[in-house]
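Since the structure comes first, as structure tokens, the remarks are kept for the end.
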Amino acid sequence: MSTENPWVVRRRMVPQPRLRLFCFPYAGGGATVYRDWPRLVPPDVEVCAVQPPGRESRLGEDAYSRMQDLLPPLAGALGEFLDVPYVTFGHSLGSLVSFELARYLRRTGDPLPRHLLVSGRRPPHVRSDEHEPMHKMDDDRLLDAVLELNGTSPEIREHPELLELALPLLRADFAISETYEYTPEAPLPCPITAFSGAADPHVTRSEAGDWAQHTSGGFELRMLPGDHFFLTTAQEQLLADISQLLSGLPGQR
């Protein structure tokens with residue numbers, strides 16, 4: 001596992017990768033979310049799991065709570081890896097971060113992804129007013145709301161030391177999402193594939209399909225079985241779909 005750059009975790013380094021796949025975590029998640037992916041994608045694809053501050057190996061650092069503060073250091077950290085054609089994947093909050101990163105890189109004149117894979121997220125122009133902002137909830141209500149998403153085991157309630165670490169990170173990550181303001185720009189030239197859970201109560205099929213508005217390079221929607229965390233429960237099918245897509249992309253120029 002590579003540790004030379006704290007923002008990027010590579011559990012299987014590929015000497016001459018055809019493509020790199022940058023994976024962005026959901027709120028409260030870290031690079032470990034993607035620990036199994038290197039062995040489930042084509043062998044010439046190098047999985048780079050993004051590790052923002054405030055979690056796992058970067059637990060002692062302050063987490064970002066605003067998108068505009070996160071993007072410049074994130075782009076700077078990933079710059080050394082953009083010498084190889086790449087694809088991005090993000091789930092939930094990770095979809096929004098990867099989308100805004102691509103637009104940021106376009107503004108700075110840096111290489112854009114060959115393909116944007118978004119998962120478990122409404123498109124950025126669609127706002128959600130279905131609940132009180134989670135980052136403003138007290139700890140008990142925040143934990144209840146997170147458990148309703150089925151991404152965290154209820155047993156975490158029995159571990160106050162874990163809650164002490166997890167809740168500030170969740171609050172910061174949800175603040176990124178809930179204070180985000182979409183600014184219209186031209187559609188991205190790279191294709192977008194959106195993945196969504198058929199039983200996700202937070203993202204409808206129609207909403208997931210509206211990601212098509214953000215690309216001039218082609219769009220596809222793929223529905224998978226499961227709720228918001230089909231990322232875990234339908235991982236085999238998800239990785240099969242992603243591997244098929246990656247195998248069809250051109251690599252090194």
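These numbers were taken from a predicted model, which means no experiment stands behind them.
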Revision key, fill the gap. Those residues at least two apart in sequence (or on a different chain) that pass ring-ring contact (aromatic ring centres under 6.0 Å, His included) with Tyr64 are none
Review point. Where the side chain of Thr215 meets the backbone of Cys190, is there a donor-acceptor pair that is under 3.5 Å apart?
Key: yes
Check your understanding: To the nearest 0.5 Å, how far apart are SG in Cys48 and CG in Asn5?
Key -> 9.5 Å
Check your understanding: Taking Ser95 for the side chain and Gly90 for the main chain, is one N or O donor matched with an acceptor at less than 3.5 Å?
Key -> yes
Point to revise | Exam field: side chain Arg18 to backbone Leu246, donor-acceptor pair closer than 3.5 Å | key: yes
Point to revise | Ring center gap for Tyr182 and His214 short of 6.0 angstrom | key: yes
Point to revise | Asp173 with Arg55: basic N within carboxylate O range, under 4.0 Å | key: yes
Exercise for review: Please name all residues satisfying side-chain contact (heavy atoms from CB on, under 4.5 Å) with Ser92, sequence neighbours left out, ordered by chain then number.
Suggested key: Tyr26, His228
Review point. Can you tell if the side chain of Pro225 reaches within under 4.5 Å of the side chain of Phe230, non-hydrogen atoms only?
Key: no
Point to revise | Ring centres under 6.0 angstrom apart (Phe24, Phe89) | key: no
Review point. Thinking salt bridges, do Glu207 and Arg121 make one under a 4.0 Å N-O criterion?
Key: no
Practice item. Sequence neighbours left out, what passes side-chain contact (heavy atoms from CB on, under 4.5 Å) with Thr193? Give chain and number order. Key: His115, Leu117, Phe195, Glu220, Arg222, Leu245
